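Let me begin by presenting the structure, written as C-alpha coordinates, before commenting on it.
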Amino acid sequence: MKRNGSVVVTNEFASVEIRIDQNNNGPTAWVTDRKSGVTRKIDPLALEGLVWAPDSLIESLADPGHRGA
(Lines give C-alpha, C1' and ligand atoms only; values in the text may rest on other atoms or scores of the structure.)
Protein backbone atom coordinates (compact mmCIF):
# COMPACT_ATOMS: atom_id res chain seq x y z
CA MET A 1 0.00 0.00 0.00
CA LYS A 2 1.36 3.45 -0.91
CA ARG A 3 1.15 6.34 1.54
CA ASN A 4 2.52 9.85 0.95
CA GLY A 5 5.31 8.66 -1.37
CA SER A 6 6.20 5.71 0.82
CA VAL A 7 5.23 2.05 0.78
CA VAL A 8 3.67 0.26 3.74
CA VAL A 9 4.36 -3.48 3.96
CA THR A 10 2.28 -5.40 6.50
CA ASN A 11 1.55 -8.95 7.54
CA GLU A 12 0.14 -10.51 10.72
CA PHE A 13 3.47 -10.06 12.54
CA ALA A 14 4.86 -6.70 11.43
CA SER A 15 4.13 -3.44 9.67
CA VAL A 16 6.85 -1.23 8.23
CA GLU A 17 6.86 1.92 6.16
CA ILE A 18 9.61 2.32 3.57
CA ARG A 19 10.51 5.73 2.19
CA ILE A 20 13.29 6.49 -0.30
CA ASP A 21 15.21 9.70 0.40
CA GLN A 22 16.81 11.17 -2.73
CA ASN A 23 18.38 14.16 -0.90
CA ASN A 24 21.62 12.53 0.29
CA ASN A 25 24.62 11.43 -1.78
CA GLY A 26 22.33 8.98 -3.54
CA PRO A 27 19.11 7.21 -2.63
CA THR A 28 18.75 5.94 0.93
CA ALA A 29 15.91 3.84 2.33
CA TRP A 30 14.30 4.90 5.60
CA VAL A 31 12.44 2.01 7.21
CA THR A 32 10.05 2.69 10.09
CA ASP A 33 8.51 0.09 12.38
CA ARG A 34 4.93 1.37 12.46
CA LYS A 35 4.23 -0.16 15.89
CA SER A 36 7.14 1.41 17.80
CA GLY A 37 7.98 4.32 15.51
CA VAL A 38 11.65 3.29 15.41
CA THR A 39 13.25 4.39 12.14
CA ARG A 40 16.50 3.24 10.58
CA LYS A 41 18.37 4.59 7.56
CA ILE A 42 19.59 1.78 5.31
CA ASP A 43 21.95 2.50 2.45
CA PRO A 44 22.11 0.41 -0.73
CA LEU A 45 25.21 -1.50 0.43
CA ALA A 46 23.45 -2.64 3.62
CA LEU A 47 20.39 -3.66 1.59
CA GLU A 48 22.58 -5.71 -0.73
CA GLY A 49 24.13 -7.31 2.34
CA LEU A 50 20.66 -8.46 3.41
CA VAL A 51 20.15 -10.06 0.03
CA TRP A 52 23.38 -12.06 0.39
CA ALA A 53 23.01 -12.82 4.12
CA PRO A 54 22.41 -16.44 5.07
CA ASP A 55 18.84 -17.37 5.96
CA SER A 56 19.93 -18.13 9.54
CA LEU A 57 20.98 -14.49 10.04
CA ILE A 58 17.74 -13.12 8.60
CA GLU A 59 15.74 -15.51 10.80
CA SER A 60 17.62 -14.40 13.91
CA LEU A 61 16.93 -10.75 13.07
CA ALA A 62 13.22 -11.53 12.70
CA ASP A 63 13.15 -13.27 16.13
CA PRO A 64 11.41 -10.90 18.61
CA GLY A 65 13.70 -12.24 21.36
CA HIS A 66 16.70 -10.97 19.40
CA ARG A 67 15.57 -7.31 19.37
CA GLY A 68 17.47 -4.88 21.53
CA ALA A 69 20.52 -7.10 21.78
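Since we're looking at a predicted model, the values are computed, not measured. Atoms considered below: every heavy atom in the structure, side chains included; atoms not considered: hydrogens, waters and symmetry mates.
Residues Thr28 and Ile42 share a closest heavy-atom pair of CG2-O, 3.7 Å. Summarising the geometry of Pro27 relative to Ile20, their closest heavy-atom pair is CB-CG2, 3.9 Å, with the distance given to 0.1 Å. When all heavy atoms are compared, the tightest approach of Val16 to Asp33 is CG1-CA, 4.3 Å. Residue Ala53 comes nearest to Leu57 through the heavy atom pair CB-CD2, 3.8 Å, listed as atom of the first residue, atom of the second, then distance. The minimum heavy-atom distance between Arg34 and Glu17, with the atom names listed, is CG-N, 3.9 Å.
Using a 4.5 Å cut-off between side-chain heavy atoms of Ile, Leu, Val, Met, Phe, Trp and Tyr, with links allowed through other members, Val31 and Val38 fall into different hydrophobic clusters.
One distance of note links CD1 of Ile58 with CG of Asp63; it measures 13.0 Å at 0.5 Å rounding.
Remark: Asp55 CG is loosely packed, at most 12 non-hydrogen atoms of other residues, nucleotides or ligands lying under 6.0 Å away.
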